[in-house]
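Single-structure report; data block below.
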Amino acid sequence: MRRTSPAGRRRPPGSPFNTPETPPPPVEQYVAGDRVSHDKYGLGRVLAVEQDDAVLIDFGAETYRIASPYAKLVKL
């Protein structure tokens with residue numbers, strides 16, 4: 001007699017574990033002149049966009065290049 005593992009069981013149709021995977025949120029698109037806020041650097045303005053790979057942002061005192069997916073960056 002073979003034993004079946006719990007991972008091989010099918011869940012009933014009404015199971016709360018049958019939720020489909022949600023797709024990741026789309027990557028925010030920036031253009032030169034956009035006002036942004038960064039968790040570490042504060043408020044800034046987008047100076048340039050490098051082929052959707054990175055953005056160059058002026059935060060007043062310094063300018064930083066932030067690479068995609070812009071985790072801590074929010075468009076205002």
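We number each residue from 1, following the sequence as shown.
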Please answer: with hydrophobic residues joined when any side-chain heavy atoms are less than 4.5 Å apart, are [X] and [Y] in the same cluster?
{"X": "Leu47", "Y": "Val36", "result": "no"}
{"X": "Val55", "Y": "Tyr41", "result": "yes"}
{"X": "Val46", "Y": "Tyr64", "result": "yes"}

Less than 3.5 Å apart, which donor and acceptor atoms pair up between the side chains of residues 25-32 and the rest of the protein, not counting sequence neighbours?
| from | atom 1 | to | atom 2 | distance (Å) |
| --- | --- | --- | --- | --- |
| Gln29 | NE2 | Val27 | O | 3.4 |
| Tyr30 | OH | Leu73 | O | 3.4 |

* Just by distance, do the side chain of Arg45 and the backbone of Gly33 share a donor-acceptor pair under 3.5 Å? ->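 Answer holds: yes.
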* Are Ile57 and His38 close enough, and set up right, to give a side-chain contact (heavy atoms from CB on, under 4.5 Å), and what steps lead you there? -> CA-CA 10 Å; Ile57 302 175; His38 190 274; over 6 Å; no
